[in-house]
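Quick notes on the structure that follows.
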There are 2 protein chains.
Amino acid sequence: MKSTDTIYPAGLYNFQDECMGLLTGVLNASKAASYLIDNQKKPICYKTWQLQPAMHREYLEKFQKIDPLHPTQFVENHDATVVKMNDLVSSQERYSHPYYKDFISPWGVQDIVELFLRVDDKLVAGFALFISKQQPEILLEDLRKAEKLHKFMQFSLEQTLVTPKHNQFEEFCNNFQLTPKERMVVELVSQGLPNKTIASNLHCSLATIKTHLQHIFYKTGVNSKTEITSQLYNQH
Amino acid sequence: MKSTDTIYPAGLYNFQDECMGLLTGVLNASKAASYLIDNQKKPICYKTWQLQPAMHREYLEKFQKIDPLHPTQFVENHDATVVKMNDLVSSQERYSHPYYKDFISPWGVQDIVELFLRVDDKLVAGFALFISKQQPEILLEDLRKAEKLHKFMQFSLEQTLVTPKHNQFEEFCNNFQLTPKERMVVELVSQGLPNKTIASNLHCSLATIKTHLQHIFYKTGVNSKTEITSQLYNQH
DNA sequence: GTGTGTATCAACCAGAAGGTTGATACCGAG
DNA sequence: CTCGGTATCAACCTTCTGGTTGATACACAC
């Protein structure tokens, strides 16, 4: 798909630390772990917070390979941003599966919330927040907060990246199901051209361009040409 | 010549939105307001969340000038990051001072938490979270969460200052020696805002914005707002 | 104190852009 | 063949933008 594999943006290592600080500071986890995803889609750069070194070692050595919610599960699952263990794994499975029976439960963990960060739809980092059995259950409200935190982390991450503008353009046009002609108009609008010039470029009348623009405005919910350009170059 | 005191970072306008979403999504404010600080140290670009328009208008017209915790108080106070109204203002003062007696209290506000973002020690943005009288008091725990959120927002802000996008903005503005106000206009133009909105954001008249635009057009050799945006993010 | 640069605003005009209605023509799916 | 989507264009009107002129006010520099 891409000519070059996605490389971590500079500062992702620091970024990971800051995210951990944010999540553990705002949400009520008893312990936490995070990792980056390398080009082979393997988790690396583990960082932990109040997580017993023995537990971490045990995970890496024995249980990682049978983890039903291993990060690799979510590499291609583009919708997964914030997930909750107890929503994905039935209580039956948690009772019988060795991963939960012999690892998660003995370490006093009641539930796990996991957040995923992506760049160009590729998973680059994950954060696992552990809820201990002594803590109250995770409410929908807590999950919403986690989603808000995730949204900002994702925004912050994207801010630091150079997103290829081609992708932005394609995404914009596909999102709103623009027709081929409408795409061409968007392309020329994004060059900052006035309607008259666009019309002559596409060998049609000014009226036609205006109609196309009306359709584009209607489909995209945008109100002006200027707004189109800003939509294309700013991630919202 | 004046580039030293210009610190307005590109993308701050969007950043402000995201911060508001984060704060209001994670903390339990009943309403919120935020603003950017221009180089005259005045708050501009107000954005509100569940705040009554009438209350905001009242503040701008009558109470801003007697606000004991007006942002200008914190412009030079480098240590202030997260402050709580009830910690800074005695209950006596809250009882007698017209700002609290005639404005804060009548609008049902019990307390305010304010967060400040800085670049190079200079205040660039502020966020005020209003706690209503129906809500529980702010605990130390809540304040710590606010501090964690602040820490990440500050980190994220600093990250955006070294991005290619920001550099392009800086390069564009420096190349053509735009003045601080002109830079702000460029920033808002690049968000796709119509002149009327830009004027209200910078609280000046439409005429002033047009004049600024004329100067920008003259200096940069550009002919329209749309072209500015495409120039900013397209190298050609 | 005069001058230069910045920021502010008003009035005016022409032209561009946005919004609406309506119309024609082509094409492909049902 | 009819219907829906696309592409085309015209006429009309309102609002916004761009361009100009001119003016005031406040800095800071020389």
Side-chain angles (χ1 to χ4, degrees), chain A residues 173-232, chain B residues 1-8 36-45 60 72 173-232:
Chain A
C173 294
N174 290 338
N175 268 353
F176 301 110
Q177 308 213 33
L178 300 189
T179 68
K181 249 322 167 18
E182 284 162 2
R183 280 159 190 256
M184 272 182 242
V185 173
V186 168
E187 162 89 35
L188 296 184
V189 164
S190 81
Q191 301 300 313
L193 302 179
N195 292 347
K196 205 162 49 169
T197 314
I198 297 176
S200 76
N201 268 310
L202 301 181
H203 329 277
C204 65
S205 83
L206 186 58
T208 309
I209 299 303
K210 287 169 142 197
T211 311
H212 282 313
L213 279 172
Q214 284 308 311
H215 293 161
I216 293 167
F217 293 157
Y218 176 75
K219 285 183 182 175
T220 62
V222 146
N223 296 303
S224 73
K225 284 167 59 184
T226 329
E227 226 179 297
I228 291 180
T229 318
S230 86
Q231 287 268 342
L232 279 177
Chain B
M1 49 189 77
K2 281 221 157 188
S3 57
T4 47
D5 60 4
T6 336
I7 41 146
Y8 187 78
L36 303 180
I37 300 291
D38 73 1
N39 61 311
Q40 275 96 49
K41 300 175 182 177
K42 284 180 186 165
I44 51 166
C45 291
L60 293 178
T72 47
C173 294
N174 290 338
N175 268 354
F176 301 110
Q177 308 214 31
L178 301 188
T179 68
K181 250 316 162 24
E182 285 162 3
R183 282 161 187 255
M184 270 183 241
V185 173
V186 168
E187 158 85 11
L188 297 187
V189 164
S190 81
Q191 297 302 310
L193 303 180
N195 292 347
K196 204 163 52 169
T197 312
I198 296 176
S200 75
N201 267 311
L202 301 182
H203 50 228
C204 63
S205 83
L206 187 59
T208 308
I209 299 303
K210 288 168 134 197
T211 311
H212 283 312
L213 280 171
Q214 284 310 310
H215 293 161
I216 294 167
F217 292 156
Y218 175 75
K219 286 182 181 176
T220 62
V222 147
N223 296 302
S224 73
K225 285 167 58 184
T226 330
E227 228 179 299
I228 290 180
T229 316
S230 84
Q231 283 270 337
L232 264 182

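To find a chain, count down the sequence lines: A is the first, B the second, and so on, and within it residues start at 1.
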Here's a test for you: under side chain to side chain donor-acceptor pair (under 3.5 Å), which of B:Gln214, B:Gln177, B:Glu182 qualifies with B:Lys219? B:Glu182
Closest non-hydrogen atom pair between [X] and [Y], with its separation:
{"X": "A:Ile209", "Y": "A:Cys204", "value": "CD1-SG, 3.6 Å"}
{"X": "A:Val189", "Y": "A:Lys225", "value": "CG1-O, 3.8 Å"}
{"X": "B:Gly192", "Y": "A:Ser224", "value": "O-OG, 4.2 Å"}

Just by protein heavy atoms under 4.0 Å, how would nucleotides 14-27 of chain C read 5' to 3' in B, S and -? --SSBBB-------
Separation of [N] [atom2] from [X] [atom1] (nearest whole Å):
{"X": "A:Leu178", "N": "D:dA7", "atom1": "CG", "atom2": "P", "value": "10 Å"}
{"X": "B:Ile198", "N": "C:dT8", "atom1": "CD1", "atom2": "P", "value": "13 Å"}
{"X": "B:His212", "N": "D:dG19", "atom1": "NE2", "atom2": "P", "value": "17 Å"}
{"X": "A:Ile209", "N": "D:dT6", "atom1": "CD1", "atom2": "C1'", "value": "14 Å"}
{"X": "A:Met184", "N": "D:dT6", "atom1": "CE", "atom2": "C1'", "value": "12 Å"}
{"X": "B:Lys42", "N": "C:dA7", "atom1": "NZ", "atom2": "P", "value": "12 Å"}
{"X": "B:His203", "N": "C:dT8", "atom1": "NE2", "atom2": "C1'", "value": "12 Å"}

Among the nucleotides C:dA10, D:dT8, C:dT8, which one has an atom lying closest to any side-chain atom of A:Lys181?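 For A:Lys181, the side-chain atoms sit closest to D:dT8.
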Checking B:Thr197 against B:Ser200: is there a side-chain donor and acceptor pair closer than 3.5 Å? no
A:Thr211 side chain to A:Thr208 side chain, donor-acceptor N/O pair below 3.5 angstrom: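 There is no such pair between these side chains.
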Using a cut-off of strictly less than 4.0 Å, decide whether A:His215 has a side-chain nitrogen or oxygen near OP1 or OP2 of D:dT6. no
Could you tell me whether B:Thr208 contacts a base, only the sugar-phosphate backbone, or nothing, with contacts defined as non-hydrogen atoms closer than 4.0 Å? base
Just checking A:Thr179: base, sugar-phosphate only, or nothing, at a heavy-atom cut-off of under 4.0 Å? sugar-phosphate
Could you check B:Leu202, B:Leu188, B:Ile37 and say which one makes a side-chain contact (heavy atoms from CB on, under 4.5 Å) with B:Ile44?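 Output: one option passes, namely B:Leu202.
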